[in-house]
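In this text, all values refer to a predicted model and were calculated from it rather than measured experimentally. Just so it is clear: chains get the letters A, B, ... in the order the sequence lines come, proteins before strands, and each one is counted from 1.
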Amino acid sequence: MPELPEVETTRRGIAPHIEGHTVTDVIVREPRLRWPVPPALKAALRGQRLRRVARRSKYLLLHFDHGTLLLHLGMSGSLRVLPAGTPPQAHDHLDIVFDDDQCVRLRDPRRFGSVHWTRGDPADHPLLAALGPEPLGEDFTGDYLYARSRRRKSAVKVFLMDSKVVAGVGNIYANEALFRAGVHPGRAAGRISRERYARIAAAVREVLTAAIAAGGTTLRDFTLADGSPGYFRLSLAIYDRTGQPCLRCGQAIRESRLGQRSTFHCPHCQRS
DNA sequence: CAAAGGTCCTGCTCGC
DNA sequence: TGCGAGCAGGACCTTT
């Protein structure tokens, strides 16, 4: 579910409620996530003050003085801030309880999400070390994409979704960005010009920024920290619009598969 | 039965 | 021959 805008929306939603507060308890109801929840999590966090909630790619980083909790929401995860002791529902796997009797609750039906504890610099954590630049950071440019894509034969959409190339561009926003840039998602990444990569980089930036401003995209069950949905779905121009008219030219949007993911494009506006 | 917003891991091929 | 990079496919899981 959550792509970068949804994770960033979640970060902004939870941070003001928990930054500066001290963990009083950690409740693990289901440790079997993508990787097992660390058994020592409660011992590590109890009594510790949360300094800051940050984000790297689609990971949330909860910084404490002696280490960092990494949280990934996988395909179906969401976080909410609730009064401690609120009865859990199905798939509510983890609570982090704070000293003001609020808790952050992780819900994740598919359990593709994960929780990690790391003491060193989180940037050195194996899951973060190999990630490409943040798409909203200054390192992410058309020139960068051009350089990284030389001799790449895979489709540009697959290339954009490679976390080692750029962090946090998932299926929805890869589709949306390529539509905005007017590039066919199946075109070989290594056969796209520097000029077109400048348009692609700008489109990625624009679509992510707009989605964050709208609170992310809710397709099924994504909720903000207060339980409300994100409204960027209303702004999706291409994703999940198979057969519907292109908003620019009116031609019917086509659906295909690239890298086993649903792909959408306009046959007129994205001819190459 | 297929697909859903993610991404790690394995094993193969290719080119130097 | 060996090595690294790139690439395809499978894996994880529940719900609709």
(message) Over all strands shown, is A:L127 touching base, sugar-phosphate only, or nothing at heavy-atom distances under 4.0 angstrom?
(response) sugar-phosphate
(request) Would you indicate whether the side-chain heavy atoms of A:R51 and A:F64 approach each other to under 4.5 Å? (result) no
(message) Which nucleotide wins on minimum distance to the side chain of A:H91, given the candidates B:dG6, C:dT14, B:dC8?
(response) C:dT14
(message) Output the rounded distance in Å from CZ (A:R151) to P (C:dA5).
(response) 13 Å
(message) Check the phosphate of C:dC13 against A:R32, side-chain N and O only, distance under 4.0 Å to OP1 or OP2. Yes or no?
(response) no
(message) Over 60° means perpendicular and under 30° means parallel, so tell me whether A:F232 and A:Y173 are parallel, tilted or perpendicular.
(response) tilted
(request) May I ask you to verify if any side-chain N or O of A:H72 is less than 4.0 angstrom from the OP1 or OP2 atom of B:dG6? (result) no
(request) Evaluate the criterion side-chain hydrogen bond (donor to acceptor under 3.5 Å, both in side chains) for residue pair A:S228 and A:D226; output intermediate values, then yes/no. (result) CA-CA 6 Å; A:S228 61; A:D226 64 357; 2.7 Å; yes
(message) Checking contacts here: which listed nucleotide (C:dG9, B:dG6, C:dG6) is nearest the side-chain heavy atoms of A:Q260?
(response) C:dG9
(message) In whole Å, I'd like the distance from the CZ atom of A:R34 to the P atom of B:dG6.
(response) 12 Å
(request) Return the nearest nucleotide to the side chain of A:S154; candidates are C:dC7, B:dC9, B:dG6. (result) C:dC7
(message) Check the phosphate of C:dT14 against A:R111, side-chain N and O only, distance under 4.0 Å to OP1 or OP2. Yes or no?
(response) yes
(request) Kindly express the pairing pattern of DNA chain C in dot-bracket notation, using | wherever a base pairs with another strand and counting only Watson-Crick or G-U pairs under 3.5 Å. (result) .|||||||||||.|||
(message) Can you tell me which residue among A:R52, A:H125, A:H63, A:R119 is in a side-chain hydrogen bond (donor to acceptor under 3.5 Å, both in side chains) with A:T68?
(response) A:H63
(message) For a quick check of understanding: with a heavy-atom distance under 4.0 Å over all strands, which category does A:Y59 fall into, base, sugar-phosphate or nothing?
(response) sugar-phosphate
(request) Report yes if at least one side-chain N or O of A:S163 is closer than 4.0 Å to OP1 or OP2 of B:dC8; otherwise report no. (result) yes
(message) Rounding to an integer number of Å, can you tell me how far A:R148 CZ sits from C:dA5 P?
(response) 10 Å
(message) Is it true that A:H93 and A:D108 share a donor-acceptor pair across their side chains at a distance under 3.5 Å?
(response) no
(request) Flag as yes if A:F112 stacks onto the base of C:dC13 (centroids under 5.5 Å, planes under 30°), otherwise no. (result) no
(message) I'd like to know if A:R110 reaches the base of C:dC13 with its side chain, counting only an N/O donor and acceptor under 3.5 Å.
(response) yes
(message) Does B:dT7 have its OP1 or OP2 closer than 4.0 Å to a side-chain nitrogen or oxygen of A:K58?
(response) yes
